[in-house]
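Everything numeric in this text was worked out from a predicted model, so none of it was measured. One is the number of the first residue; the rest follow in order along the sequence. Side chains included, hydrogens not; waters and symmetry mates left out as well; all remaining heavy atoms used.
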Amino acid sequence: SARRIGEALHSKFPVWQRGFSDHRIRDAADLDTHVRYIAQNPVKKHLVLTAEEYRWSSASRAVGLDEVPQGLKPLRVGAAIGTAKAVP
């Protein structure tokens, strides 16, 4: 997408901010973690006291979230969260 944006704007400047990293959502638990993280951004910037108060956030429930994309592993109750050990 960054390449296409640059082509459309006829620009050679970087599209993403320095330090940006891409992350592939692995499963429903990972998606949930990222949705909660994003919802907390207005709170961290002291724009609101709770994520639900920020009207442009899905946490406000003013708009619904899309369904979990197909192909993700489902949420498992009590599942460990983190990176799997590397196989020797």
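Here the closest heavy-atom approach between residue Asp30 and residue Arg24 is recorded as OD2-O, 3.7 Å. Nearest approach of Ala39 to Pro42, heavy atoms of both residues: O-CD, 3.3 Å. In this structure, Tyr54 and Leu47 approach most closely via the heavy-atom pair CE1-CD1, 4.0 Å.
By the 4.5 Å heavy-atom criterion applied to side chains, Leu49 and Val43 are not counted as neighbours.
Counted within 6.0 Å of NZ on Lys45, heavy atoms from surrounding residues, nucleotides or ligands total 12 or fewer; the atom is thus considered open.
We find the OG1-CD distance between Thr50 and Gln40 to be 8.5 Å, quoted to the nearest 0.5 Å. Distance CG/Asp27 to CG/Leu31: 9.0 Å, rounded to 0.5 Å.
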